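For reference, the structure discussed in these notes is given below.
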Number of protein chains: 2
Amino acid sequence: MDTIYRKIRQTGGRITAVRREIIAVLHRSSCLMSGAEVAAALKKRGLRPDRSTIFRALSFLAEQGIAVRKSIAGTDYFEIPRRRHDHLVCVHCKSIEKIAVNSELARQERKIAARKKFEVTHHSLEFYGYCKNCRG
Amino acid sequence: MDTIYRKIRQTGGRITAVRREIIAVLHRSSCLMSGAEVAAALKKRGLRPDRSTIFRALSFLAEQGIAVRKSIAGTDYFEIPRRRHDHLVCVHCKSIEKIAVNSELARQERKIAARKKFEVTHHSLEFYGYCKNCRG
DNA sequence: ATATTTGCAAACGTTTTGCATAGTG
DNA sequence: CACTATGCAAAACGTTTGCAAATAT
């Protein structure tokens, strides 16, 4: 957390109330959140920044490599990655659930980097389908 | 290919020129294509359907389980899945390259289905980073 | 003091919709 | 013939931008 603040200051960035709270929200959730979900979480904490400010902050965090951005079903989701994990996405109710990571992936990532001369920064693995409540 | 036509007719759907060509285009490419890319490919074949028609056709194919839809960097991509494969996405030039699949994934998919009572219809695995041309 | 971040309003690109017309089976 | 798919125009959606005012360092 302090590591994040240091990283931001290092490049001339500033720790504002909005950024501090967004980082806190993402850090606590430790799972994907959309811009709208972040906005809702901030509201509960008494902050109502403009949508553009939220998106700017999230884009900023993604550019800094602090957060990761993933597009799912037409909207952008963000998270501050901690332990490696992936997601189950219900195509019916749109719920997103975190699942334990495939440990093979880390190994494969390295193979790809070598074989394809591709520098992997992050990955995105989602299983789509019907969740417990929506199937049948 | 005929299997696809049969599947469409089975539910009262109709084989129109636009649908036939979109299926052909997706089938030949056998990799992710955006709505705009599909439109360009159709243009080369002498067809200029409205954007809405293209999106309706692609959504239709996805609903029928014939094509798969994936959101990458804010736009929707479609493909008719043949052999399992995944993608390398360059965050700089936005290029998308197909890669051989991690065969472990199929196994993990089954485990998840059982453990989480989640019915997996398809998955999406992308490695993000810098391609050969864009790194450095 | 200076450079960065914010709010506002407006633009953007992609995807979706309503409705009358054209086309398929 | 009955029903499905298309074109058009317009809206919806999430995201991005320009600029002047506010804020962090």
Side-chain angles (χ1 to χ4, degrees), chain A residues 2 4-23 32-43 45-64 66-78 89 91 94 96, chain B residues 2 4-23 32-43 45-64 66-79 91 94 96:
Chain A
D2 269 343
I4 293 176
Y5 293 164
R6 233 175 286 124
K7 197 169 186 176
I8 290 177
R9 288 216 189 76
Q10 219 161 0
T11 57
R14 294 175 183 184
I15 312 298
T16 65
V18 175
R19 284 189 183 163
R20 198 178 329 105
E21 292 303 308
I22 288 182
I23 290 167
L32 295 171
M33 294 183 81
S34 66
E37 286 166 352
V38 169
L42 292 180
K43 206 169 178 178
R45 292 171 163 238
L47 267 181
R48 293 179 144 70
D50 192 75
R51 282 195 302 286
S52 68
T53 302
I54 293 177
F55 278 110
R56 271 194 275 235
L58 290 169
S59 301
F60 171 82
L61 293 174
E63 278 160 22
Q64 301 285 312
I66 294 165
V68 153
R69 178 198 300 239
K70 293 177 186 178
S71 292
I72 295 179
T75 76
D76 287 7
Y77 289 81
F78 298 83
V89 181
V91 297
K94 314 285 186 204
I96 299 180
Chain B
D2 269 343
I4 293 175
Y5 293 162
R6 234 175 288 124
K7 196 168 186 175
I8 291 177
R9 287 213 192 80
Q10 219 161 1
T11 56
R14 294 174 183 184
I15 311 299
T16 65
V18 175
R19 284 189 183 164
R20 198 179 330 105
E21 291 303 308
I22 289 182
I23 290 167
L32 295 170
M33 296 184 79
S34 66
E37 285 166 352
V38 170
L42 292 180
K43 205 169 177 178
R45 293 172 162 235
L47 268 181
R48 293 180 145 69
D50 192 73
R51 280 194 303 288
S52 68
T53 302
I54 293 177
F55 278 111
R56 269 194 275 235
L58 291 170
S59 301
F60 171 81
L61 294 175
E63 277 160 25
Q64 301 285 312
I66 293 165
V68 153
R69 177 199 299 240
K70 293 178 187 179
S71 292
I72 295 179
T75 76
D76 287 7
Y77 289 82
F78 298 83
E79 72 185 342
V91 297
K94 313 285 186 205
I96 298 180

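None of the values given here were measured: they were computed from a predicted structure. To find a chain, count down the sequence lines: A is the first, B the second, and so on, and within it residues start at 1.
With rounding to whole Å, Leu47(B) atom CG is found 17 Å from dA5(D) atom P. The CD atom of Gln10(A) sits 16 Å away from the C1' atom of dT25(D) (whole-angstrom rounding). Rounding to whole angstrom units, CZ of residue Arg51(A) and C1' of dA10(C) are separated by 12 Å.
The CZ atom of Arg51(B) sits 10.5 Å away from atom OG1 of Thr53(B), with the distance rounded to the nearest 0.5 Å. The CD atom of Glu37(A) sits 12.0 Å away from the CD1 atom of Ile54(A) when rounded to the nearest 0.5 Å. Rounded to the nearest 0.5 angstrom, Arg48(A) CZ and Lys43(A) NZ are separated by 5.0 Å. Atom CD1 of Ile15(A) sits about 11.0 Å away from atom CZ of Arg6(A), to the nearest 0.5 Å.
If you check dT15(D), dG7(C), dT15(C) against the side chain of Arg69(B), the one that comes closest is dT15(C).
Shown here for Tyr77(B) and Ile72(B), the closest heavy-atom pair between the two residues is CE1-O, 3.7 Å. Taking all atoms of both residues into account, the shortest heavy-atom contact from Ala17(A) to Leu47(A) is O-CD1, 4.0 Å.
If you check residues 52-62 of chain A against DNA chain C, the residues with a heavy atom closer than 4.0 Å are Ser52(A), Thr53(A), Arg56(A), listed by number.
Sorted by first and then second residue, the salt bridge (charged side-chain N to carboxylate O under 4.0 Å, His left out) pairs involving residues 9-21 of chain A (not counting sequence neighbours) are Glu21(A)-Arg45(A).
Between Arg19(A) and dT5(C) there is a side-chain polar atom (N or O) within less than 4.0 angstrom of OP1 or OP2.
Comparing the end axes of the helix from dA1(C)-dT25(D) to dG25(C)-dC1(D), each fitted to five base pairs by superposing C1' atoms of four pairs onto the next four, gives an inter-axis angle of 50° (nearest 10 degrees).
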Is there any protein nitrogen or oxygen under 3.5 Å from a nitrogen or oxygen in nucleotides 22-24 of chain C, and what are the pairs?
{"unit_1": "dG23(C)", "atom_1": "N2", "unit_2": "Arg14(B)", "atom_2": "NH1", "d": "2.6"}
{"unit_1": "dT24(C)", "atom_1": "O2", "unit_2": "Arg14(B)", "atom_2": "NH1", "d": "2.4"}

Would you give me the side-chain donor-acceptor pairs under 3.5 Å for residues 57-64 of chain A, sequence neighbours excluded?
{"unit_1": "Ser59(A)", "atom_1": "OG", "unit_2": "Phe55(A)", "atom_2": "O", "d": "2.8"}
{"unit_1": "Ser59(A)", "atom_1": "OG", "unit_2": "Arg69(A)", "atom_2": "NH2", "d": "2.9"}
{"unit_1": "Gln64(A)", "atom_1": "OE1", "unit_2": "Thr11(A)", "atom_2": "OG1", "d": "3.4"}

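With sequence neighbours left out, Arg56(B) forms a salt bridge (charged side-chain N to carboxylate O under 4.0 Å, His left out) with no residue at all.
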